[in-house]
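First comes the structure, then the notes that go with it.
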Amino acid sequence: NTDNAWMETTARVFLIDDDLAAQLVLQGGSDASAARWLDLDASVLAEGVETLYADHRKFARMALHIVDPDALREVDANAHVQSMMRKRPTAGAM
């Protein structure tokens, strides 16, 4: 972002089934080369995963909170466990 140019994002939540999703043709616009459906799961929402552009992960988390707050809590709990496992010293490091 600069004083004269900045990024704007519009986010919407659509609850549709797999059959309808398969029928919808997604395409990138002037600002994106491609568009696609993503499952809102830990592989998309985990910090450090470069699946989403800029802070779009925040919008995906907000959508999941609307659709299934329990799933978001599960994603966060799993991320916490993974984080703790990465911080744990290995047996040879002691």
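- Put simply, the side chain of L24 reaches to within 4.5 Å of the side chain of I16, judged on heavy atoms.
- Applying the side-chain hydrogen bond (donor to acceptor under 3.5 Å, both in side chains) test to H65 and every residue at least two apart in sequence or in another chain returns nothing.
- In terms of hydrophobic clustering, with Ile, Leu, Val, Met, Phe, Trp and Tyr side chains grouped at heavy-atom distances under 4.5 Å, L15 and M62 are assigned to different clusters.
- For the side chain to side chain contact (heavy atoms under 4.5 Å, CB included) test, no residue two or more places apart in sequence or in another chain qualifies with D18.
- Qualifying side chain to side chain contact (heavy atoms under 4.5 Å, CB included) partners for D19, counting only residues two or more places apart in sequence or in other chains: D17.
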task: Determine, stepwise, if the pair D70 / R73 fulfils salt bridge (charged side-chain N to carboxylate O under 4.0 Å, His left out).
output: CA-CA 5 Å; D70 292 333; R73 282 191 283 278; 2.3 Å; yes
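- For N4, there are no side-chain hydrogen bond (donor to acceptor under 3.5 Å, both in side chains) partners, not counting sequence neighbours.
- Residues satisfying the side chain to side chain contact (heavy atoms under 4.5 Å, CB included) criterion with A71, sequence neighbours excluded, are L64, D68.
- Not counting sequence neighbours, the partners of I66 by the side chain to side chain contact (heavy atoms under 4.5 Å, CB included) test are V13.
- The hydrophobic cluster of V25 has no other members, since no ILVMFWY side-chain heavy atom comes under 4.5 Å of it.
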